[in-house]
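We name chains A, B, ... by the order of the sequence lines, and we start the count at 1 in each one.
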Amino acid sequence: GAVVSQHPSRVICKSGTSVKIECRSLDFQATTMFWYRQFPKKSLMLMATSNEGSKATYEQGVEKDKFLINHASLTLSTLTVTSAHPEDSSFYICSASTTVRGNQPQHFGDGTRLSIL
Amino acid sequence: GQNIDQPTEMTATEGAIVQINCTYQTSGFNGLFWYQQHAGEAPTFLSYNVLDGLEEKGRFSSFLSRSKGYSYLLLKELQMKDSASYLCAVGSYNTDKLIFGTGTRLQVFP
(Lines give C-alpha, C1' and ligand atoms only; values in the text may rest on other atoms or scores of the structure.)
Protein backbone atom coordinates (compact mmCIF):
# COMPACT_ATOMS: atom_id res chain seq x y z
CA GLY A 1 0.00 0.00 0.00
CA ALA A 2 0.82 3.73 0.01
CA VAL A 3 2.12 3.96 -3.53
CA VAL A 4 2.88 7.35 -5.04
CA SER A 5 3.43 7.65 -8.77
CA GLN A 6 5.36 10.57 -10.23
CA HIS A 7 5.55 11.30 -13.92
CA PRO A 8 7.62 11.91 -15.96
CA SER A 9 10.76 10.37 -14.50
CA ARG A 10 13.04 12.38 -16.71
CA VAL A 11 12.68 15.51 -18.80
CA ILE A 12 15.21 17.16 -21.06
CA CYS A 13 14.05 20.34 -22.73
CA LYS A 14 15.12 23.71 -24.04
CA SER A 15 15.37 26.85 -21.99
CA GLY A 16 12.07 28.74 -21.88
CA THR A 17 9.89 25.64 -21.94
CA SER A 18 7.31 25.04 -19.23
CA VAL A 19 7.35 21.59 -17.70
CA LYS A 20 4.53 19.88 -15.83
CA ILE A 21 5.19 17.12 -13.30
CA GLU A 22 2.37 14.97 -11.96
CA CYS A 23 2.18 13.28 -8.60
CA ARG A 24 -0.54 10.71 -7.91
CA SER A 25 -1.38 8.68 -4.84
CA LEU A 26 -2.52 5.36 -6.31
CA ASP A 27 -4.05 3.49 -3.39
CA PHE A 28 -4.85 6.12 -0.80
CA GLN A 29 -6.27 9.61 -0.54
CA ALA A 30 -3.59 12.15 0.15
CA THR A 31 -4.68 14.94 2.44
CA THR A 32 -1.43 16.72 1.86
CA MET A 33 1.19 16.58 -0.86
CA PHE A 34 4.66 18.02 -0.75
CA TRP A 35 7.10 19.09 -3.42
CA TYR A 36 10.84 18.87 -2.84
CA ARG A 37 13.90 19.77 -4.80
CA GLN A 38 17.21 18.00 -4.34
CA PHE A 39 20.67 18.91 -5.59
CA PRO A 40 23.39 16.26 -5.97
CA LYS A 41 24.60 14.90 -2.64
CA LYS A 42 22.36 17.29 -0.75
CA SER A 43 19.28 16.68 1.35
CA LEU A 44 15.69 17.36 0.40
CA MET A 45 14.66 20.98 0.18
CA LEU A 46 10.94 21.51 0.71
CA MET A 47 9.50 23.83 -1.91
CA ALA A 48 5.81 23.84 -1.04
CA THR A 49 2.99 22.07 0.74
CA SER A 50 -0.33 21.60 -0.98
CA ASN A 51 -3.70 20.57 0.38
CA GLU A 52 -6.53 19.52 -1.87
CA GLY A 53 -8.71 22.39 -2.94
CA SER A 54 -6.62 25.16 -1.45
CA LYS A 55 -3.64 27.24 -2.45
CA ALA A 56 -0.21 25.81 -1.89
CA THR A 57 1.98 27.11 0.91
CA TYR A 58 5.40 27.97 -0.43
CA GLU A 59 8.63 27.93 1.54
CA GLN A 60 10.62 31.11 1.87
CA GLY A 61 12.61 31.87 -1.23
CA VAL A 62 10.53 29.73 -3.57
CA GLU A 63 8.86 31.75 -6.34
CA LYS A 64 5.21 30.79 -6.54
CA ASP A 65 4.85 32.24 -10.03
CA LYS A 66 7.77 30.18 -11.20
CA PHE A 67 6.67 26.91 -9.59
CA LEU A 68 2.92 26.58 -10.01
CA ILE A 69 1.25 23.95 -7.88
CA ASN A 70 -2.25 22.63 -8.36
CA HIS A 71 -3.84 20.06 -6.07
CA ALA A 72 -7.12 19.39 -7.84
CA SER A 73 -8.10 16.18 -6.09
CA LEU A 74 -7.15 13.97 -3.17
CA THR A 75 -5.04 11.84 -5.48
CA LEU A 76 -3.36 14.32 -7.80
CA SER A 77 -1.03 17.27 -7.46
CA THR A 78 0.92 18.91 -10.26
CA LEU A 79 4.01 21.09 -10.28
CA THR A 80 4.61 23.27 -13.33
CA VAL A 81 8.02 24.82 -13.76
CA THR A 82 7.25 27.84 -15.92
CA SER A 83 9.73 29.16 -18.46
CA ALA A 84 12.42 26.84 -17.17
CA HIS A 85 16.06 27.86 -17.30
CA PRO A 86 19.26 25.86 -16.77
CA GLU A 87 19.39 26.82 -13.10
CA ASP A 88 16.06 25.02 -12.63
CA SER A 89 17.72 21.74 -13.54
CA SER A 90 17.38 19.50 -10.52
CA PHE A 91 15.78 16.37 -9.08
CA TYR A 92 12.18 17.13 -8.11
CA ILE A 93 10.39 14.73 -5.75
CA CYS A 94 6.81 14.72 -4.55
CA SER A 95 5.43 13.02 -1.49
CA ALA A 96 1.97 12.39 -0.13
CA SER A 97 0.59 11.94 3.35
CA THR A 98 -2.74 11.00 4.85
CA THR A 99 -2.42 13.43 7.72
CA VAL A 100 -2.19 17.15 8.22
CA ARG A 101 -0.19 16.97 11.42
CA GLY A 102 3.06 15.23 10.65
CA ASN A 103 2.48 11.97 12.48
CA GLN A 104 2.22 9.72 9.47
CA PRO A 105 5.01 8.91 7.04
CA GLN A 106 5.26 10.75 3.79
CA HIS A 107 5.36 8.40 0.84
CA PHE A 108 7.56 9.54 -1.99
CA GLY A 109 7.23 9.33 -5.73
CA ASP A 110 10.22 8.15 -7.76
CA GLY A 111 11.26 11.69 -8.59
CA THR A 112 11.68 13.65 -11.83
CA ARG A 113 15.09 14.52 -13.12
CA LEU A 114 14.76 17.81 -14.98
CA SER A 115 17.52 18.95 -17.31
CA ILE A 116 17.20 22.31 -19.03
CA LEU A 117 19.53 22.89 -21.95
CA GLY B 1 13.37 27.00 16.16
CA GLN B 2 13.74 23.62 14.54
CA ASN B 3 17.03 21.91 13.97
CA ILE B 4 18.17 18.41 13.10
CA ASP B 5 21.76 17.18 13.23
CA GLN B 6 23.18 13.96 11.89
CA PRO B 7 26.68 13.00 10.74
CA THR B 8 27.44 13.73 7.11
CA GLU B 9 29.21 10.51 6.26
CA MET B 10 29.94 7.11 7.78
CA THR B 11 31.72 4.02 6.59
CA ALA B 12 31.37 0.42 7.71
CA THR B 13 32.28 -3.11 6.68
CA GLU B 14 29.95 -5.71 5.25
CA GLY B 15 28.49 -7.87 8.03
CA ALA B 16 29.14 -5.26 10.72
CA ILE B 17 26.74 -3.14 12.77
CA VAL B 18 26.45 0.62 12.35
CA GLN B 19 24.58 3.22 14.39
CA ILE B 20 23.52 6.50 12.81
CA ASN B 21 22.66 9.19 15.33
CA CYS B 22 20.23 12.07 15.01
CA THR B 23 19.62 14.90 17.43
CA TYR B 24 16.76 17.33 17.05
CA GLN B 25 15.14 20.42 18.45
CA THR B 26 11.53 21.13 17.64
CA SER B 27 8.33 22.42 19.17
CA GLY B 28 5.26 20.21 19.27
CA PHE B 29 7.19 17.00 18.60
CA ASN B 30 4.96 14.47 16.87
CA GLY B 31 7.24 11.65 15.84
CA LEU B 32 10.57 10.92 14.20
CA PHE B 33 11.03 9.17 10.89
CA TRP B 34 13.96 7.47 9.23
CA TYR B 35 14.19 7.19 5.47
CA GLN B 36 16.68 5.46 3.18
CA GLN B 37 17.65 7.07 -0.10
CA HIS B 38 19.84 5.44 -2.73
CA ALA B 39 21.67 7.74 -5.12
CA GLY B 40 19.36 9.06 -7.82
CA GLU B 41 16.27 7.57 -6.24
CA ALA B 42 13.49 8.85 -4.00
CA PRO B 43 13.52 8.20 -0.25
CA THR B 44 11.84 5.10 1.13
CA PHE B 45 10.29 4.96 4.57
CA LEU B 46 12.13 2.84 7.13
CA SER B 47 10.72 3.57 10.58
CA TYR B 48 8.65 5.82 12.80
CA ASN B 49 9.08 6.44 16.53
CA VAL B 50 6.78 8.59 18.62
CA LEU B 51 7.27 6.95 22.03
CA ASP B 52 10.56 6.39 23.81
CA GLY B 53 12.26 3.10 23.16
CA LEU B 54 13.44 0.76 20.47
CA GLU B 55 11.47 -0.30 17.42
CA GLU B 56 12.87 -3.33 15.60
CA LYS B 57 12.22 -4.26 11.99
CA GLY B 58 14.40 -7.06 10.78
CA ARG B 59 17.98 -5.87 10.36
CA PHE B 60 16.98 -2.28 11.12
CA SER B 61 16.09 -0.83 14.51
CA SER B 62 15.30 2.73 15.53
CA PHE B 63 15.52 4.24 18.98
CA LEU B 64 14.02 7.41 20.40
CA SER B 65 14.57 9.42 23.57
CA ARG B 66 12.22 12.40 23.61
CA SER B 67 13.73 13.91 26.74
CA LYS B 68 17.15 13.98 25.10
CA GLY B 69 15.93 14.94 21.64
CA TYR B 70 17.86 11.97 20.31
CA SER B 71 17.32 9.06 17.96
CA TYR B 72 19.47 6.47 16.31
CA LEU B 73 19.07 4.04 13.45
CA LEU B 74 20.85 0.73 13.96
CA LEU B 75 21.71 -1.40 10.95
CA LYS B 76 22.84 -4.97 11.62
CA GLU B 77 24.50 -7.52 9.35
CA LEU B 78 25.37 -4.82 6.87
CA GLN B 79 25.09 -5.61 3.20
CA MET B 80 26.57 -3.78 0.24
CA LYS B 81 23.08 -2.68 -0.79
CA ASP B 82 22.78 -0.75 2.48
CA SER B 83 25.14 1.87 1.01
CA ALA B 84 22.80 4.85 0.81
CA SER B 85 21.88 8.11 2.50
CA TYR B 86 19.82 7.85 5.67
CA LEU B 87 17.55 10.78 6.41
CA CYS B 88 16.22 11.65 9.85
CA ALA B 89 12.98 13.66 9.80
CA VAL B 90 10.83 15.12 12.56
CA GLY B 91 7.09 15.74 12.57
CA SER B 92 5.37 18.44 14.56
CA TYR B 93 1.86 19.17 15.77
CA ASN B 94 2.35 22.73 14.58
CA THR B 95 2.84 22.06 10.91
CA ASP B 96 1.95 19.69 8.08
CA LYS B 97 5.50 19.25 6.97
CA LEU B 98 8.39 17.08 8.09
CA ILE B 99 11.70 18.69 8.87
CA PHE B 100 14.50 16.68 7.29
CA GLY B 101 18.08 16.46 8.39
CA THR B 102 20.84 16.74 5.82
CA GLY B 103 21.22 12.97 5.69
CA THR B 104 24.05 10.59 6.53
CA ARG B 105 25.81 8.95 3.59
CA LEU B 106 26.75 5.42 4.56
CA GLN B 107 29.30 3.49 2.54
CA VAL B 108 29.59 -0.23 3.13
CA PHE B 109 32.86 -1.83 2.09
CA PRO B 110 33.52 -5.52 1.45
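With hydrophobic clusters built from ILVMFWY side chains whose heavy atoms lie under 4.5 angstrom apart, B:Leu46 shares a cluster with B:Ile99. When hydrophobic clusters are built by joining Ile, Leu, Val, Met, Phe, Trp and Tyr residues whose side-chain heavy atoms come closer than 4.5 Å, directly or via intermediates, B:Leu32 is not grouped with B:Phe63. The cluster map of Ile, Leu, Val, Met, Phe, Trp and Tyr, joined by side-chain heavy atoms under 4.5 Å apart, puts B:Leu87 and B:Val50 in the same cluster. Taking hydrophobic clusters as Ile, Leu, Val, Met, Phe, Trp and Tyr residues chained together by side-chain heavy-atom distances below 4.5 Å, A:Phe67 does not share a cluster with A:Tyr36. Connection of A:Ile93 to A:Ile69 is not established within any shared hydrophobic cluster, with ILVMFWY side chains joined at heavy-atom distances below 4.5 Å, either directly or through further cluster members.
Taking all atoms of both residues into account, the shortest heavy-atom contact from B:Gln37 to A:Phe91 is NE2-CE2, 4.4 Å. For A:Gly111 against B:Ala42, the heavy-atom pair with the smallest separation is N-CB, 4.4 Å.
Distance alone, capped at 3.5 Å, places no donor-acceptor pair between the B:Thr102 side chain and the A:Ser43 backbone.
Contact of the B:Tyr35 side chain with the A:Gln106 side chain is registered, since non-hydrogen atoms from C-beta on lie closer than 4.5 Å.
Here the straight-line distance linking atom CG of A:Leu46 with atom CG of B:Leu98 works out to 9.0 Å at 0.5 Å rounding.
Residue-environment remark: NE2 (B:His38) exceeds the threshold of 12 foreign heavy atoms within 6.0 Å. Counting non-hydrogen atoms of other residues, nucleotides and ligands closer than 6.0 Å to NZ of A:Lys20 gives a total of 12 or fewer. Heavy-atom contacts from other residues, nucleotides or ligands closer than 6.0 Å to CG of A:Asp110 number 12 or fewer.
Near-neighbour residues of residues 72-83 of chain B relative to chain A, defined by a heavy atom under 4.5 Å from a heavy atom of that chain, are none.
Applying the side-chain contact (heavy atoms from CB on, under 4.5 Å) rule to A:Ser90 yields the partners A:Arg37, A:Phe39, A:Tyr92; only residues at least two apart in sequence or on another chain are considered.
For chain B, the option among A:Gln38, A:Arg113, A:Lys42 with the highest count of heavy-atom pairs below 4.5 Å is A:Gln38.
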